[in-house]
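Starting from 1, each residue takes its place in the sequence as its number.
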Amino acid sequence: MSRVAVIGIGWYGFRPVVEDASFRELMFEAAARAYEDAGGLNPRTDVDAFVSCQEDLWEGIAIADEFAPEPIGGALKPVFTTTGDGLQCVANAYMMIKTGQMNVVVAESHAKPSDIVNMNDIMLFAMDPLTVRAINMPNYHALAALEAQAYITRHNIPREALAYVVTKDKRNALYNERASYGASITIDEVLGLPYVASPLTKLDIASFTDASVVVVLASEDVARKYTDTPIWVDGIHWVTEEPSLEFHNWEFPMHAMRAAETAYKMADIHDPIKELHFAEVDSRYSFKELQFVEALKLAPIGEAHKLLLEGAFDRDGLFPVNPSGGALGEGVPLEVHGLARLVDAVLQLRGEAGRMQLSRAEKAVVHSWRGLPTTTSVVAVLSR
């Protein structure tokens, strides 16, 4: 079967509040940039299908996917909807191309959390009685705090490690033009803040951002017609673990590890820390970066914090993790988050990351998690 490549990327927004564009205009702007990046591709004649990752839960509109075709050039074309993270859109596009029935597929996701005036109510609505019983807590971050406490207690992880993740990612974000939350702060400053929910401070929790990302994928033969720098999707997989908080593992994200195992098998990766060069992982909570590093087999379980504190995951360390600043630096654009991680990885692999460019970037692993209260992870392996 043909290899699958990313041949174009486009984005718009990545600001806490985008006042100059509606969510449909965000989609249009990102799409226009992606098609230009893909060598001037025409969506009406050159694209076989489109996949949009969005969720009515966030949109506040029933059947919100009906708004997707026109802004991305998909009118009168097959437009599929995936109610999941944007990286799942890429996985679906990958499979469509692998069948041999399609040569070019576009993946899109968008979000305007600044338009959501009742975010806490929306989050509580997600925790319906069928999955986690009726948890009517005033602060939904308490669920993440419980997981954080279970994890750090099990492995005797100091809070300084969580603060180090925050300082590292926010410092990295200073080099990223899309990052609104970059800052030069110290571990003591993080530790000195009051808890939002112990052991998490405000800085341990990523803020929201408005954004849209469009990614163009193509089969190998077609990809080489549009670009001299295709970025290959060598493996991609997603896993949803037992969703009930009563039954899933609070100390370790099995969903991320299972997704990584399959993605690595597809990409013929046997020793990730030696064969890959950097990682873009979900860090919407500081402790989650450590958990996901372990789940991706970049550190032994319970040992990531030791490597972190030694500087192994710094930009100039043994294995850079989130050189873009990740969610803590860029913000969380809801279902766009996985595509944001993908964009940062693609730019690194192309050698187009500007001030955040790494000295060595030929193979990468990209990870995204759908956030509370889900147990879904997506993992992709990319190469130049």
Side-chain angles (χ1 to χ4, degrees), residues 8-38 40-44 47 49-90 92-93 105-123 125-126 176-181 206-216 284 327 329-344 368 370-371:
I9 52 173
W11 64 88
Y12 193 76
F14 284 97
R15 301 194 296 273
V17 180
V18 174
E19 297 179 339
D20 61 336
S22 67
F23 74 87
R24 293 183 293 277
E25 291 167 325
L26 281 174
M27 297 164 70
F28 173 81
E29 295 291 349
R33 287 160 172 75
Y35 301 145
E36 182 65 25
D37 187 56
L41 174 144
N42 185 334
R44 298 195 181 278
V47 177
F50 302 77
V51 192
S52 178
C53 270
Q54 55 181 296
E55 180 71 81
D56 289 2
L57 179 78
W58 301 122
E59 305 285 3
I61 304 170
I63 322 178
D65 57 300
E66 290 187 351
F67 290 94
E70 288 186 342
I72 58 178
L76 303 180
K77 290 267 192 168
V79 181
F80 303 90
T81 305
T82 297
T83 53
D85 177 78
L87 209 53
Q88 287 174 269
C89 264
V90 171
N92 279 274
V105 181
V106 168
E108 175 279 333
S109 191
H110 60 274
K112 282 204 76 179
S114 66
D115 284 352
I116 301 175
V117 297
N118 56 339
M119 180 63 76
N120 200 68
D121 293 335
I122 297 295
M123 291 299 300
F125 183 73
N176 183 352
E177 65 178 15
R178 286 174 303 285
S180 295
Y181 300 101
S207 300
F208 291 113
T209 191
D210 293 351
S212 179
V213 172
V214 173
V215 178
V216 184
R284 64 189 73 205
E330 280 187 0
V332 178
L334 303 179
E335 306 292 14
V336 188
H337 182 58
L339 294 186
R341 305 276 61 73
L342 182 78
V343 163
D344 289 322
S368 187
R370 285 199 73 194

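The CD1 atom of Ile122 sits 10.5 Å away from atom CD of Glu55, with the distance rounded to the nearest 0.5 Å. In this structure, Met27 CE and His110 NE2 are separated by 5.0 Å, a value rounded to the nearest 0.5 Å. Expressed to the nearest 0.5 Å, how far CG of Asp121 lies from CD1 of Ile116 amounts to 11.0 Å. Atom CD of residue Glu330 and atom CD of residue Glu177 lie 10.0 Å apart, to the nearest 0.5 angstrom. Interatomic distance, Asp210 CG to Asp115 CG, rounded to the nearest 0.5 Å: 6.5 Å.
A salt bridge links Glu335 to Arg370: one of the charged nitrogens lies within less than 4.0 Å of a carboxylate oxygen. A salt bridge does not link Asp85 to Arg341: none of the charged side-chain nitrogens sits closer than 4.0 Å to a carboxylate oxygen.
Residue Leu87 comes nearest to Gly338 through the heavy atom pair CD1-O, 3.8 Å, listed as atom of the first residue, atom of the second, then distance. Across all non-hydrogen atoms, the minimal contact from Met119 to Pro113 is CE-CB, 4.1 Å. Heavy-atom minimum distance, Gly13 versus Val18: CA-CG2, 3.8 Å. Heavy atoms only, all atoms of each residue included: Pro71 and Ala31 are closest at O-CB, 4.0 Å. Taking all atoms of both residues into account, the shortest heavy-atom contact from Ala93 to Val105 is CB-CG1, 3.5 Å. Scanning both residues, Ala111 and Leu26, for their nearest heavy atoms gives O-CD1, 3.9 Å.
Counting only distance, with no hydrogens or angles, the side chain of Glu25 and the backbone of Ser22 share a donor-acceptor pair below 3.5 Å. The backbone N or O of Phe50 lies less than 3.5 Å from no partner atom in the side chain of Lys77, so there is not a single donor-acceptor pair. Looking at Asp56, its side chain does come within 3.5 Å of a backbone N or O of Ile63 through a donor-acceptor pair. In terms of modelled atom types and a separation under 3.5 Å, the side chain of Ser180 and the main chain of Phe14 share a donor-acceptor contact. Side-chain N or O atoms of Tyr35 include one that pairs as donor or acceptor with a backbone N or O of Ile72 at under 3.5 Å.
Residue pairs meeting the ring pair (Phe, Tyr, Trp, His ring centres under 6.0 Å) criterion with at least one partner in residues 54-90, sequence neighbours excluded, are Phe23-Phe67. For residues 64-75, no pair satisfies salt bridge (Lys or Arg N to Asp or Glu O under 4.0 Å), with sequence neighbours left out.
For Ser109, there are no side chain to side chain donor-acceptor pair (under 3.5 Å) partners at least two apart in sequence or on another chain. Not a single ring-ring contact (aromatic ring centres under 6.0 Å, His included) links Tyr181 to another residue, sequence neighbours left out. Contacts of Glu29 classified as side chain to side chain contact (heavy atoms under 4.5 Å, CB included), with partners at least two apart in sequence or in another chain: Tyr12, Arg33. Thr209 pairs by the side chain to side chain donor-acceptor pair (under 3.5 Å) definition with nothing, not counting sequence neighbours.
Side chains of Val336 and Trp11 form no contact here, defined as non-hydrogen atoms less than 4.5 Å apart. With contacts defined as side-chain heavy-atom distances shorter than 4.5 Å, the pair Ser212/Glu108 qualifies. Using a 4.5 Å heavy-atom cutoff, the side chains of Leu342 and Val213 are not in contact. Side-chain contact between Val90 and Asn92: absent, with no pair of heavy atoms (C-beta onward) separated by less than 4.5 Å. Looking at heavy atoms from C-beta onward, Gln54 lies in side-chain contact with Thr81 at the 4.5 angstrom threshold.
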